Asker: 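Below is one structure. I have some questions about it.
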Amino acid sequence: MDNKNLTQTYLKLRGRLKTLASSILKNEEDADDALQDAFCRLLSRNEENEPSLVDGMAVVTVKRICISYLRKRNVRASESIDDSASELESPPEILWENKEIEDMTRLLMSKLSPLQKSVFDLVCEGVDYDIISARLGITEEAVRQNICRARKILRNEYKRFQ
């Protein structure tokens, strides 16, 4: 496909591609940048472009570029969070509160049976019930019962502290 036909095809698709990029990136300027990058990539691979596949290639290229932009945003955001968190220092009274909370948590957790504690820890880690049941050798219903009972015990003990 020659550059003129590719450009015409791209211009026909531009509205649809812009909508796609905007919906993914939630930012009009980034969407325009993604479309430019996509067009440049399509032009650079022009001799490979099959005329009947240009529509699909354009959509896939825009999606991939948008995903790449989102990944870059997430990396930058996490770097700035990590940098600012390391610069903060906790005042002594906050450390004391955290120690108090830690002690209270240990006391509350000591009220649970070993099985309830294991189930509760795994649920807090985000492990699914079916995996917990296989790991601990109990049924999924037993996992549900133990987590329910553990939560009830913790809730009642916590109320006593307040």
Side-chain angles (χ1 to χ4, degrees), residues 13-42 45 53 55-162:
L13 295 172
R14 191 176 192 297
R16 195 175 96 197
L17 296 174
K18 172 88 183 249
T19 303
L20 172 67
S22 295
S23 69
I24 294 172
L25 296 172
K26 311 289 190 232
N27 183 318
E28 294 297 317
E29 291 174 5
D30 286 347
D32 287 333
D33 291 344
L35 291 181
Q36 282 184 330
D37 287 349
F39 184 66
C40 290
R41 285 187 191 177
L42 290 170
R45 296 187 308 198
L53 302 176
D55 293 12
M57 288 174 57
V59 170
V60 169
T61 303
V62 168
K63 282 183 180 179
R64 288 181 178 166
I65 289 170
C66 289
I67 290 169
S68 175
Y69 280 22
L70 291 174
R71 285 183 180 146
K72 287 177 187 175
R73 276 189 208 162
N74 287 340
V75 168
R76 276 190 237 125
S78 67
E79 285 174 355
S80 65
I81 290 171
D82 291 342
D83 293 342
S84 62
S86 64
E87 294 171 4
L88 296 175
E89 291 184 22
S90 298
E93 59 272 0
I94 291 177
L95 292 175
W96 181 80
E97 274 183 20
N98 289 339
K99 178 70 172 143
E100 189 176 273
I101 291 170
E102 185 180 332
D103 291 342
M104 181 197 283
T105 304
R106 277 198 190 107
L107 181 63
L108 290 173
M109 293 299 284
S110 71
K111 303 291 183 180
L112 301 178
S113 72
L115 181 59
Q116 289 170 341
K117 196 178 297 184
S118 298
V119 170
F120 189 82
D121 288 341
L122 290 170
V123 168
C124 288
E125 290 174 17
V127 180
D128 291 331
Y129 287 3
D130 58 337
I131 296 171
I132 294 171
S133 71
R135 194 179 290 177
L136 298 178
I138 58 177
T139 65
E140 282 187 52
E141 183 59 33
V143 171
R144 285 186 186 84
Q145 286 177 353
N146 278 288
I147 195 64
C148 181
R149 290 175 184 157
R151 287 178 179 151
K152 185 176 180 181
I153 291 168
L154 292 174
R155 191 172 33 249
N156 290 338
E157 290 296 318
Y158 182 74
K159 285 179 185 175
R160 285 183 41 207
F161 279 109
Q162 289 182 334

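Being a predicted model, the structure only gives us computed values, none of them experimental.
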Asker: Is the shortest heavy-atom distance from the side chain of E157 to the side chain of L107 under 4.5 Å?
Answerer: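 Side-chain contact under 4.5 Å: no.
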Asker: For residues 21-41, which residue pairs qualify under ring pair (Phe, Tyr, Trp, His ring centres under 6.0 Å), counting only residues two or more places apart or in two chains?
Answerer: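 Found Y10-F39.
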Asker: Mind listing the side-chain donor-acceptor pairs of residues 57-65 below 3.5 Å, one per line with the distance, residues two or more places apart or on another chain?
Answerer:
| residue | atom | partner | partner atom | Å |
| --- | --- | --- | --- | --- |
| T61 | OG1 | M57 | O | 2.6 |

Asker: Within the structure provided, determine whether R16 and L13 are in side-chain contact (heavy-atom separation under 4.5 Å).
Answerer: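 Counting from C-beta outward, R16 and L13 do come under 4.5 Å.
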Asker: State which residues pass side-chain contact (heavy atoms from CB on, under 4.5 Å) with T19; sequence neighbours excluded, sorted by chain then number.
Answerer: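 So T19 forms no side-chain contact (heavy atoms from CB on, under 4.5 Å) with any residue.
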Asker: Show me, pair by pair, the donor-acceptor contacts under 3.5 angstrom made by side chains of residues 127-154, not counting sequence neighbours?
Answerer:
| residue | atom | partner | partner atom | Å |
| --- | --- | --- | --- | --- |
| S133 | OG | D130 | O | 2.8 |
| T139 | OG1 | A142 | N | 3.1 |
| N146 | ND2 | A142 | O | 2.8 |

Asker: With a 3.5 Å cut-off and sequence neighbours excluded, list the donor-acceptor pairs that the side chains of residues 26-34 form with protein atoms.
Answerer:
| residue | atom | partner | partner atom | Å |
| --- | --- | --- | --- | --- |
| K26 | NZ | S23 | O | 2.6 |
| N27 | OD1 | E29 | N | 2.9 |
| N27 | OD1 | D30 | N | 3.2 |
| E28 | OE1 | K18 | NZ | 3.4 |
| E28 | OE2 | S22 | OG | 3.3 |
| D30 | OD2 | R73 | NH2 | 2.7 |
| D32 | OD1 | K18 | NZ | 2.7 |

